[in-house]
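Proteins come first, then strands; the chains are lettered A, B, ... in the order of their sequence lines, and each starts at number 1.
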2 protein chains.
Amino acid sequence: MRARSARGVRRAEPIALRREAKVEAIVAAAWELARAHGIAGISLRDLARAVGIKQPSLYVYFDSKDALYDEMFADGNRQLVARIEALDLPADPRLAVKVFIREWIAFALEDISRYQLLFQRHIPGFTPSPESYALAERALRPLIGLVRDAGAADPGDLDCMIAVVAGLTDAQISNDPTGDRWIRHTDRLIDLLIDHTNQE
Amino acid sequence: MRARSARGVRRAEPIALRREAKVEAIVAAAWELARAHGIAGISLRDLARAVGIKQPSLYVYFDSKDALYDEMFADGNRQLVARIEALDLPADPRLAVKVFIREWIAFALEDISRYQLLFQRHIPGFTPSPESYALAERALRPLIGLVRDAGAADPGDLDCMIAVVAGLTDAQISNDPTGDRWIRHTDRLIDLLIDHTNQE
DNA sequence: GTCTATACATCGATAGAC
DNA sequence: GTCTATCGATGTATAGAC
């Protein structure tokens, strides 16, 4: 009893960490496959091969393929949250909105598969779990206050801001992923939206 | 020789028409399946069953599933072109832009699967053929002149207009297909873009 | 935890008879 | 043109040895 308890206490954490590290390795390999074959083109057999195990062994770490996508969704949003929180936002709220949005767009253009999983509905049947979705909300939450402080206090203003940025980003990714034909208008449109809030 | 030639001349058209009618029936059935199971959820077996033939027989009419998608892409764009060309556009160019865009959005919201095939990259590996793509360009071409006449003559203005409308439409479809939380801002944003052209 | 082996379902696509 | 039969790939999942 005492030995079992001691073992449970002493080894629970390292084991969990080792497992977590393996999950992370699998997710990292999955991102690589996604970049190569598209987010929907991940095959569990390829993924298992990439991490040096056999396909059924993946089920030790994920209950289903959707659970893998959910882990990737959470992972991608954690990356975004880290990027956003590392930003040194200027005091001027209007400029802060622009800096925030620029970082969001840079993140989006960096990895198209990641963008599709996080911000589009590209996987048939996949819906993020509530826990993962909470991460997605956390990434965007700072923008709410910034937009309001910049003078666009109507909820519709935030809707427009996000939709406009998504529209520019989507056109950029779809038609010219390495150029700036669409996103070069971002700052100007942000100014327009702030200067002409929906409330007036 | 003469009989063969006569048969070729006399029957070539009816045969082609019968075949064309069958292709149209298959495409129509495919749209119905897409509405029920999503654009990527069309199975060739279900599609064959819907038109009363067996799955391999579809290959008499389409070389591949992508060829079916291409036919659907062309068909959807022909529907859009017809809708656009049937519009009675007002003389005032700014109002004409709004009427055009309203029709485009109504068309988009009418059938989400059609929207995804025509305006998003939702089918892995599918790229429209040049002929089909020409139809897509034809649907949007009238907007070029309207936007210019309305006072937004810079090419970037048209890019912005399309991207903004797509952003609003996409948010609407993704989050609330039957509501108007995003698209209710359309006219206001069109005015904004026209009043503050990129050239000034 | 990991493996082999296997089952069962789906799918797009092809060969060849009629 | 249409069919039957089949191929090879996929994803999902399980049983049972080690």
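Using a 4.0 Å heavy-atom cutoff across all strands shown, A/Ser57 reaches at least one base atom of the nucleic acid. B/Phe62 comes within 4.0 angstrom of nothing in the nucleic acid, heavy atoms only. Across all strands, B/Ile42 comes closer than 4.0 Å only to sugar-phosphate atoms, never to a base (heavy-atom distances).
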List, one per line, each side-chain donor-acceptor pair under 3.5 Å for residues 96-109 of chain B, sequence neighbours excluded.
residue  : atom : partner  : partner atom : Å
B/Lys98  : NZ   : B/Asp191 : OD1          : 3.0
B/Lys98  : NZ   : B/Asp191 : OD2          : 2.9
B/Arg102 : NE   : B/Asp187 : OD2          : 3.4
B/Arg102 : NH2  : B/Asp187 : OD2          : 2.6
B/Glu103 : OE2  : B/Arg83  : NE           : 2.7
B/Glu103 : OE2  : B/Arg83  : NH2          : 3.3

Atom pairs and distances, donor-acceptor, side-chain atoms in residues 27-39 of chain A, under 3.5 Å, two or more places apart:
residue : atom : partner  : partner atom : Å
A/Trp31 : NE1  : A/Asp75  : OD2          : 2.8
A/Arg35 : NH1  : A/Asp111 : OD2          : 2.8

- Protein heavy-atom contacts under 4.0 Å, written 5' to 3' over nucleotides 12-18 of chain D as B (base), S (sugar-phosphate only) or - (none), form the string BBB----

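Atom CD1 of A/Ile26 and atom P of C/dG1 are 11 Å apart (whole Å). Between A/Leu33 atom CG and D/dT10 atom C1' the separation is 15 Å, expressed in whole Å. When rounded to the nearest whole Å, the span between NE2 of A/His37 and P of D/dG11 equals 12 Å.
If you check residues 46-53 of chain B against DNA chain C, you find no residue with a heavy atom closer than 4.0 Å. Across residues 122-131 of chain B, not one residue has a non-hydrogen atom less than 4.0 Å from an atom of DNA chain D.
Between D/dT6 and B/Lys54, no contact under 4.0 Å exists linking OP1 or OP2 to a side-chain N or O. In terms of phosphate contacts, A/Ser43 brings a side-chain nitrogen or oxygen within less than 4.0 Å of OP1 or OP2 of D/dG11. Here B/Arg18 does not reach the OP1 or OP2 of D/dG1: none of its side-chain N or O atoms lies under 4.0 Å away.
When every heavy atom of A/Ala166 is checked against every heavy atom of A/Tyr115, the shortest pair comes out as O-OH, 4.0 Å.
Under the 3.5 Å distance criterion, with hydrogens and angles disregarded, no donor-acceptor pair is assigned to the side chains of A/Gln116 and A/Arg121. Inspection of the A/Asp154 and A/Thr197 side chains reveals no N or O donor paired with an N or O acceptor under 3.5 Å.
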- Task: Dump the intermediate steps for side chain to side chain contact (heavy atoms under 4.5 Å, CB included) on A/Arg49 and A/Leu44, then the final yes or no.
- Result: CA-CA 8 Å; A/Arg49 191 180 315 123; A/Leu44 294 187; over 6 Å; no

- Message: Quick one, A/Arg78 with A/Glu85, criterion salt bridge (Lys or Arg N to Asp or Glu O under 4.0 Å). Give me CA distance, side-chain angles, the key distance, then yes/no.
- Response: CA-CA 10 Å; A/Arg78 265 183 240 114; A/Glu85 291 182 349; over 6 Å; no

- Message: Run A/Gln120 and A/Asp170 through side-chain hydrogen bond (donor to acceptor under 3.5 Å, both in side chains) and show every step you take.
- Response: CA-CA 10 Å; A/Gln120 300 190 317; A/Asp170 207 51; 2.5 Å; yes

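Evaluation of the side-chain hydrogen bond (donor to acceptor under 3.5 Å, both in side chains) test over residues 50-64 of chain B, restricted to residues two or more places apart or in two chains, returns none.
Atom-to-atom distance recorded for B/Asp92:CG and B/Asp149:CG is 10.5 Å, nearest 0.5 angstrom.
Not one N or O on the side chain of B/Asp176 forms a donor-acceptor pair closer than 3.5 Å with the backbone of B/Gln172.
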